[in-house]
Every structure is written in C-alpha cells, then in structure tokens.
Amino acid sequence: MDQTTAEMNRSGPILLVLMGSFNPPHLAHLRLLEMARDHLLQQSLHVIGGVMSPVHDDYKKHKKSLIDYPHRRAMVELATQNTWIKCSTWEGGQSTWTPTRQTLEALQEQARAEYNEPNLVVKLVCGADLLESFNVPGLWKWEDIEKILGNHGVIVSRRPGSNPDQFVFKHDLCYKHRNNIRIVYEPVTSDLSSTVLRTLAARNCSLRFLTPDSVCDYISERKLYCSEQ
C-alpha cells in the first residue's frame, strides 16, 4: 500500500459499513460493528458512525429465501434504534443491485456531505468469509478489489476455522494493501445466523435474546418466514 493512501485513510473520520441481506438482522450483526468500532477507538481513530446496508431485492436471484426489501429495511431500523448505528437506504433504494465498490463509493460521498467531512473514509466491516471470497473465480472484478482495499479498507472479524492472516499473505492485492486490512479477534464466538432465526420462526419458536425485541415483534406480527416449513 502506498504512503499517500495510508495517510488519507488515517487523516479523516471513519464511517463503518456492514453490508448484507439482514434476513433478518440479529445481535451478531450489531456485535460485528461494535467490535470493529472498539478496535479502532483503541487505536485512537475517530469513528463517526456506523451503518447497516440491506442488499437490493435483485439479490433474490441468488438467495430465494430473501424477503422483500421494505421488511428488511424496517427490521434494520428497529434493530438499530437508540444505538450509534443507522440503517442506510441507499443500496436497497436503487433501481437494481449495485456492486460493493460502487455502494461504498456512494455511501462515502453521501456521508462526506452529511457530516461536512471531506476527508471522511468509509470502511467495510465483514467476516473472514467475505475476504476469502476475493479468491473465488469470477465473483469479484480485480479493479473493484483494488479500489475497496486501497480507497476504503476493510475490518475483518476472525471467525473459528478461518485464517485471514494467511489469506492476506497469499493474496496479491490483499498483501499489497495489507496495512489497510485490520483483522480483529472476536472473543465471544457464536453460531448465530439469519438462517437459524428463519428456521426458528418457521417452527414457531421464540427469537427472544437472539435479535432485539422490536425485531421479534415485527416478525411475529407479520408472520414472516412462516412459509419456510
């Protein structure tokens, strides 16, 4: 990574972005952002906020279980109430699915105007599985990885069974931008996932203490995921 990029990413406030289906959102999603913020604050970096960005409905082509965007947006808004995290509606509000790089660029431009911070930098928060997907043939454009790592940077949660440090060492672009990849250890591990919550909802089981109560109520009142028998 060149020194100019490194200096740019250190000089301005940071907006953390977590992208995903959030189908539904749960406490591990919120914890991922909290862990990333805590890591940066310990490095005396300025975190101005965090956002969760639900994916566009076009992603149903790849994930049939995805419920409509308005429901997922509403649940993220409920999950982030009274927290330092917000729901971003930019990605889901586009006319079609937008690649990660373009979404990050748009959110950065939007946030710089909103906070009046021309040096604000958006950083992608993700699990090690997303980082390792950079190696999947045909999934990512090489130039998109370059821009994501060089202009934004990623904060990666180290999950059981993954070895992101080794992956960064072996992957040419990741190694080039290794100073803009922060790997964070999560001491509280969990198998919590949206798939688990959907299965519980389909079995008419309680979701309490796995996702905020407001999200539990939203799912229950609208009988979401009940068809997944």
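Since we're looking at a predicted model, the values are computed, not measured.
- Taking CD of E117 as the reference point, atom CD of Q108 lies at 12.0 Å (rounded to 0.5 Å).
- Expressed to the nearest 0.5 Å, how far CD1 of I219 lies from CG of L197 amounts to 6.0 Å.
- Taking 4.5 Å as the limit, some side-chain heavy atom of E146 sits within range of a side-chain heavy atom of K176.
- Looking at R37 and L16, their side chains come closer than 4.5 Å, going by heavy atoms from C-beta outward.
- The shortest side-chain heavy-atom distance between V121 and N119 does not fall under the 4.5 Å cut-off.
- Applying the ring-ring contact (aromatic ring centres under 6.0 Å, His included) rule to F169 yields the partners Y175; only residues at least two apart in sequence or on another chain are considered.
- Judged by distance alone, with hydrogens and angles left aside, the side-chain atoms of T80 form a donor-acceptor pair with the main-chain N or O of V76 at under 3.5 Å.
- For the salt bridge (charged side-chain N to carboxylate O under 4.0 Å, His left out) with D217, the qualifying choice from R222, R208, K223 is R208, the only one to do so.
- Taking CG of L200 as the start and OG of S206 as the end, the distance is 8.0 Å to the nearest 0.5 Å.
- Note on R101 versus E105: salt bridge recorded, some NZ/NE/NH1/NH2 to OD/OE distance being below 4.0 Å.
- Contact check for L104 versus V17: side-chain heavy atoms found under the 4.5 Å cut-off.
- A ring pair (Phe, Tyr, Trp, His ring centres under 6.0 Å) check over residues 120-147, counting only residues at least two apart or in different chains, returns the pairs F134-W140, W142-H171.
- In this structure, C216 and T211 approach most closely via the heavy-atom pair SG-CG2, 3.5 Å.
- The stretch residues 189-221 participates, sequence neighbours left out, in these ring pair (Phe, Tyr, Trp, His ring centres under 6.0 Å) pairs: H71-Y218.
- A donor-acceptor pair under 3.5 Å is absent between the side-chain atoms of S162 and the main chain of R158, judged by distance alone.
- At least one side-chain heavy atom of L27 sits under 4.5 Å from a side-chain heavy atom of P212.
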Working note: L18 + I85, criterion side-chain contact (heavy atoms from CB on, under 4.5 Å); need CA distance, chi angles, decisive distance, verdict. CA-CA 10 Å; L18 179 64; I85 303 165; over 6 Å; no

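- Across every non-hydrogen atom of D57 and P70, the tightest pair is OD2-CD, 4.4 Å.
- Within the 3.5 Å criterion, the main-chain N or O of N23 finds no donor-acceptor partner in the side chain of R72.
- In this structure, CG on D165 lies 13.0 Å from CZ on R178, to the nearest 0.5 angstrom.
- Side-chain atoms of S194 come within 3.5 Å of backbone N or O of P24 as a donor-acceptor pair.
- A 4.5 Å side-chain heavy-atom check between Q94 and T103 finds every atom pair outside the cut-off.
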The test is side-chain contact (heavy atoms from CB on, under 4.5 Å); show your working for D191 and V196 and say whether it passes. CA-CA 9 Å; D191 291 330; V196 169; over 6 Å; no

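- Under a 4.0 Å N-O distance rule, the pair E77/K86 does not qualify as a salt bridge.
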Test side chain to side chain donor-acceptor pair (under 3.5 Å) on E91 and S53 and set out the steps. CA-CA 7 Å; E91 182 180 0; S53 178; 2.6 Å; yes

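- Considering only residues two or more places apart in sequence or on other chains, N163 meets the side-chain hydrogen bond (donor to acceptor under 3.5 Å, both in side chains) condition with none of them.
- In the hydrophobic clustering of this structure, V188 does not group with V125; members are Ile, Leu, Val, Met, Phe, Trp, Tyr whose side-chain heavy atoms approach within less than 4.5 Å, directly or through other members.
- When ring centroids are compared, H56 and Y59 stay outside the 6.0 Å threshold.
- Note that OG of S21 is 11.0 Å distant from NE2 of H62, once rounded to the nearest 0.5 Å.
- Judged by distance alone, the side chains of N135 and K170 never bring a donor and an acceptor atom under 3.5 Å apart.
- Here the closest heavy-atom approach between residue S88 and residue Y69 is recorded as O-OH, 4.2 Å.
- L139 is connected to V156 through a chain of hydrophobic side-chain contacts under 4.5 Å among Ile, Leu, Val, Met, Phe, Trp and Tyr, so both are in one cluster.
- Listed by chain and number, the residues in a salt bridge (Lys or Arg N to Asp or Glu O under 4.0 Å) with E186 are R31 (sequence neighbours excluded).
- Contact record, E132 with P164: OE2-N, 4.4 Å, taken as the closest heavy-atom pair.
- Side-chain atoms of S133 never come within 3.5 Å of backbone atoms of V136 as a donor-acceptor pair (strictly under, hydrogens ignored).
- The ring pair (Phe, Tyr, Trp, His ring centres under 6.0 Å) analysis of residues 20-53, with sequence neighbours excluded, yields the pairs F22-H29, H26-H29.
- Applying the 6.0 Å contact sphere to NZ of K147 captures no more than 12 heavy atoms from other residues, nucleotides or ligands.
- When atom types are taken as modelled, the side chain of D58 and the backbone of W97 share a donor-acceptor pair closer than 3.5 angstrom.
- Minimum heavy-atom separation, P25 to V215: O-CG1, 4.3 Å.
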Run the side-chain contact (heavy atoms from CB on, under 4.5 Å) test on L40 and I155 for me, step by step, so that the C-alpha distance in whole Å, both residues' side-chain angles and the decisive distance to 0.1 Å come before the verdict. CA-CA 9 Å; L40 294 178; I155 301 169; 3.5 Å; yes

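- Considering L131, L149, L107, L130 as possible partners of L124, the one that fulfils the side chain to side chain contact (heavy atoms under 4.5 Å, CB included) test is L130.
- Inter-residue side-chain proximity for R73 and T89 is flagged as met; some heavy-atom pair is nearer than 4.5 Å.
- A distance of 10.5 Å separates CD1 of I145 from OG1 of T100, quoted to the nearest 0.5 Å.
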Before giving the answer on side-chain contact (heavy atoms from CB on, under 4.5 Å), spell out for V168 and I183 the whole-Å C-alpha distance, their side-chain angles and the decisive distance to 0.1 Å. CA-CA 10 Å; V168 169; I183 298 172; 4.3 Å; yes

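- Other residues, nucleotides and ligands contribute over 12 non-hydrogen atoms within 6.0 Å of the CD atom of Q102.
- Taking every heavy atom of both residues into account, M75 and I67 meet most closely at CE-CD1, 3.7 Å.
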